[in-house]
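All heavy atoms count here, side chains included; hydrogens, waters and symmetry mates do not.
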Amino acid sequence: MISFRPGSQVWQLITMLSSVGEFPMRSLHLLGNERVLKALIRRLTVQETIHNAMTGANMTCRLFSVSGKGTNKTIRLYKGALPILEWIHPDAHRYYLEAFRNHRFSGDASHWERNHRVAEAAALCLRAGIEARPYYLPHLQNKELLSVIPEHAVMYLAKEIKKVSADELNKTMFTRMVGAVFVGKCCYAVYNTRDAVMKWSGMGEFKTLYSLIDLARMNAGESSVDTALLLGQSEEIALRTLFESDKSARREFRFDSIYRHIHYIPMNESGIRQMRLITVPDWKEKFLELLFEPEARAYHQGMFEYDAYLNGVYVFSHLDGDLARLVRFKEAIIAQTGRFEVLCFPYQVSLINEYMGGLVTIKIIDMDLIEQELCPERRDLLER
């Protein structure tokens, strides 16, 4: 018998699948202990009794199914187990059937890969305390100016964004965006490159940006969107993805021309911590307040992008993981004389070394110190 209660591993898996339909086996590390979760899934691909510790109810069924091979293995709920979704949330069962065509999934590689990209992003957000379960969120609309977006950090999955209207569906048909994160009024487009360079549909992403601006204006009162969160397995892949443009090779459609700020988030525990920092209101300014005295700050007044000038050294903070800004910084200092320093977290060192070469010195900042000041409370929605 398996005990089902908020925070348990089986509760986390069912909660995840109720929102995204299927989840890649290779990304179980985003949900917790990979070895333990794999063992649990194997156990629950055959009939087992599940005990609801909150109500005392029991359900005997096969809970999960696993299909695919190698890195393409995908986990889904077994059809006969779908009534268990009522244990998660009153609307979870209804949402699941509507969102996933009454439990019908395509075997086409492009469909399950798309689902996996979305699932990984949702998992990372939930672990970081960003609500991504659609049945917990108010519906987006495009009819009038309303304050729809909650005050706490939320992520709307791409599927929910496309529901707003048929026009939005047409505009975002070819986009690689997997969702949008709102922190108060601030809106961030979310992309997931996984472990391969992502090929952009330049015009598609450009149209997506304007669709997102409309949604942010109608639902959060924000008329500007200039930032994307880029998830991936490695910074090297993320940086190469940054320069991947559409077939026209027009610079205005390059990803860093569409979004001025592109924050790389690794899909691991460091990325979960990084994402948690993003939920802090005005987080980038608070980073700089912690790092520098006011008299040393550049305040965007320099001839190029840097954050402080200390003892004859131009200091640039990469703690926010902004790849687009890092590109602009490198392009600027190649033509400059002087001494330059980049601040980064430990997991960012290899990228800075490789990309910046000998142009800068590197100073490593302990993420613990930033977290203690900005987000002392750990929020993991998959444990609640």
Please confirm whether the backbone N or O of [Y] pairs with a side-chain atom of [X], one donor and one acceptor, at under 3.5 Å?
X	Y	answer
Glu48	Leu63	no
His116	Met25	no
Ser8	Trp11	yes
Asn219	Val148	no

Take Phe64 and Tyr78 through the test ring-ring contact (aromatic ring centres under 6.0 Å, His included) and record every step on the way to the result. CA-CA 5 Å; Phe64 301 123; Tyr78 192 66; over 10 Å; no

Please determine if Asp380 and Arg127 form a salt bridge, counting it only when a charged side-chain N lies under 4.0 Å from a carboxylate O.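 Result for this pair is yes, salt bridge flagged.
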
Is the shortest heavy-atom distance from the side chain of Ile149 to the side chain of Lys185 under 4.5 Å?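 They are not in contact (no side-chain heavy atoms under 4.5 Å apart), so the answer is no.
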
Pairs in or reaching into residues 16-26: which pass side chain to side chain donor-acceptor pair (under 3.5 Å), with residues at least two apart or in two chains?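 Matches after skipping sequence neighbours: Ser18-Tyr135, Glu22-Thr74, Glu22-Arg76, Glu22-Asn115, Arg26-Asp195.
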
Distance-only criterion, 3.5 Å: show the donor-acceptor pairs between side-chain atoms of residues 81-93 and protein atoms not counting sequence neighbours.
| residue | atom | partner | partner atom | Å |
| --- | --- | --- | --- | --- |
| Glu86 | OE2 | His93 | ND1 | 3.3 |
| His89 | ND1 | Asp91 | N | 2.9 |

May I have the list of side-chain donor-acceptor pairs in residues 334-351 shorter than 3.5 Å, sequence neighbours left out?
| residue | atom | partner | partner atom | Å |
| --- | --- | --- | --- | --- |
| Tyr347 | OH | Gln274 | OE1 | 2.7 |
| Gln348 | OE1 | Phe345 | N | 2.8 |
| Gln348 | NE2 | His318 | O | 3.1 |

Met303 atom CE, over 12 foreign heavy atoms within 6.0 Å: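 No - once you tally the heavy atoms of other residues, nucleotides and ligands closer than 6.0 Å, there are 12 at most.
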
Just wondering, more than 12 heavy atoms not from Lys330 lying within 6.0 Å of its NZ?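 For Lys330, atom NZ is crowded (more than 12 foreign heavy atoms under 6.0 Å).
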
Do the ring centers of Phe316 and Tyr314 come within less than 6.0 Å of each other?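 No, the ring centres sit 6.0 Å or more apart.
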
